Amino acid sequence: AQSVTQLGSHVSVSEGALVLLRCNYSSSVPPYLFWYVQYPNQGLQLLLKYTSAATLVKGINGFEAEFKKSETSFHLTKPSAHMSDAAEYFCAVIHSGGGADGLTFGKGTHLIIQP
Amino acid sequence: EPEVTQTPSHQVTQMGQEVILRCVPISNHLYFYWYRQILGQKVEFLVSFYNNEISEKSEIFDDQFSVERPDGSNFTLKIRSTKLEDSAMYFCASSERGHEQYFGPGTRLTVT
């Protein structure tokens with residue numbers, strides 16, 4: 001079984017400050033990991049993915065995440081927050097063996113950007 | 001850029017009624033999924049579909065749910081006898097080779 005824990009249901013940062021959203025996973029087999037963003041009243045948009053290639057993954061909108069197997073973590077970062085980054089962010093895991101498996105999501109982190 | 005579409009965007013139904021939620025996956029994708037998100041909760045996997053049959057399903061996906069790919073483009077989720085607790089946002093997703101899934105905008109189902 002696999003699971004995802006996102007620390008902090010709400011994270012507030014000032015515009016221009018570093019964004020750090022935490023995600024820890026558990027998986028009995030090598031995982032694939034994803035970050036999705038959900039803007040108000042919209043669907044889930046794929047931000048970035050880790051699929052066992054480079055451990056530092058770059059995504060859209062200036063976000064990146066680093067896979068750390070020893071820490072079972074996949075934290076999402078952005079050097080400088082913009083007001084437009086305000087949204088709900090979900091970390092998700094799937095094990096690498098099954099193409100038809102469903103994603104297991106964390107509970108989400110609501111990112112608030114202070115002007 | 002190709003995208004997953006879903007209709008309707010909002011469906012209101014009475015308890016006990018049947019509803020069909022529709023999705024058009026990205027055209028060259030082979031894997032299809034349904035998820036739901038109850039208000040304020042996390043996104044939960046319901047079912048995956050590949051090669052014209054269900055591949056995986058969660059414990060949520062009981063006998064009141066069914067999925068179908070009636071033609072080459074649509075993918076549907078049917079809820080046979082809706083309950084109040086079925087009120088949620090339902091997301092369809094598709095994937096070309098599995099794993100990397102692209103989501104539609106969702107259908108908000110309200111059961112009264």
Side-chain angles (χ1 to χ4, degrees), chain A residues 1-10 21 23-25 27 29-53 57 59-60 65 67 74 87-110, chain B residues 1-7 9-10 21 23-26 29-61 67 75 77 89-108:
Chain A
Q2 53 210 13
S3 65
V4 174
T5 301
Q6 291 184 243
L7 292 176
S9 59
H10 291 78
L21 304 183
C23 171
N24 289 87
Y25 70 91
S27 178
V29 295
Y32 288 168
L33 293 155
F34 305 85
W35 276 98
Y36 284 86
V37 60
Q38 185 180 33
Y39 297 102
N41 300 312
Q42 294 189 29
L44 297 161
Q45 182 181 6
L46 180 63
L47 265 183
L48 48 77
K49 62 184 179 186
Y50 165 77
T51 55
S52 75
V57 179
I60 62 171
F67 173 70
F74 190 58
E88 192 84 14
Y89 291 80
F90 293 94
C91 182
V93 64
I94 194 169
H95 79 73
S96 55
D101 287 357
L103 292 162
T104 298
F105 283 87
K107 291 185 177 181
T109 297
H110 186 62
Chain B
E1 184 176 328
E3 57 184 21
V4 177
T5 60
Q6 292 185 242
T7 54
S9 58
H10 191 189
L21 310 183
C23 168
V24 179
I26 295 172
H29 285 189
L30 302 177
Y31 296 84
F32 314 113
Y33 314 82
W34 283 102
Y35 292 81
R36 79 173 185 190
Q37 184 182 30
I38 295 172
L39 187 64
Q41 299 185 25
K42 65 179 179 180
V43 179
E44 301 172 292
F45 168 70
L46 292 178
V47 65
S48 63
F49 194 86
Y50 171 73
N51 202 25
N52 285 318
E53 61 182 21
I54 290 175
S55 294
E56 299 285 341
K57 59 182 181 178
S58 72
E59 58 189 22
I60 302 169
F61 193 87
V67 290
F75 181 50
L77 174 69
M89 183 74 90
Y90 288 81
F91 292 106
C92 174
S94 70
S95 177
E96 185 177 3
R97 290 186 293 269
H99 306 126
E100 186 174 331
Q101 298 175 25
Y102 293 87
F103 283 74
T107 293
R108 181 170 298 283

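Order of the sequence lines fixes the chain letters, A, B, ..., with proteins taken first and strands second; residue numbering starts at 1 for each chain. Small disclaimer: the values here were computed from a predicted structure and weren't measured.
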Just verifying a value: how many Å separate [X] [atom1] and [Y] [atom2], rounded to the nearest 0.5 Å?
X: A:Q42; Y: B:F103; atom1: CD; atom2: CZ; value: 14.5 Å
X: B:Y35; Y: A:F105; atom1: OH; atom2: CZ; value: 5.5 Å
X: B:E100; Y: A:L46; atom1: CD; atom2: CG; value: 5.5 Å
X: A:F90; Y: B:Q37; atom1: CZ; atom2: CD; value: 4.5 Å
X: B:S95; Y: A:I94; atom1: OG; atom2: CD1; value: 8.0 Å

**OP:** Identify which part of A:K49 has an atom lying under 4.5 Å from any heavy atom of chain B, answering side chain, backbone, both or neither.
**Re:**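 Only the side chain of A:K49 comes within 4.5 Å of chain B.
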
Original post:
Given that the side chain runs from C-beta out, which part of A:Q38 has a heavy atom under 4.5 Å from chain B: side chain, backbone, both or neither?
Top reply: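 Only the side chain of A:Q38 comes within 4.5 Å of chain B.
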
Original post:
Under the 3.5 angstrom rule, does the side chain of B:Y33 hit a backbone N or O of A:L103 as a donor-acceptor pair?
Top reply: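 Looks like no, no N/O pair under 3.5 Å.
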
Original post:
Who among B:S58, B:P105, B:S55, B:G106 has the most heavy-atom pairs with chain A under 4.5 Å?
Top reply: B:P105

Original post:
Which heavy-atom pair separates B:Q101 from A:D101 by the least distance, and what is that distance?
Top reply: NE2-O, 3.4 Å

**OP:** Please say whether more than 12 non-hydrogen atoms of neighbouring residues, nucleotides or ligands are located less than 6.0 Å from CG in B:L39.
**Re:**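 No, because the 6.0 Å sphere around CG of B:L39 holds 12 heavy atoms or fewer from other groups.
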
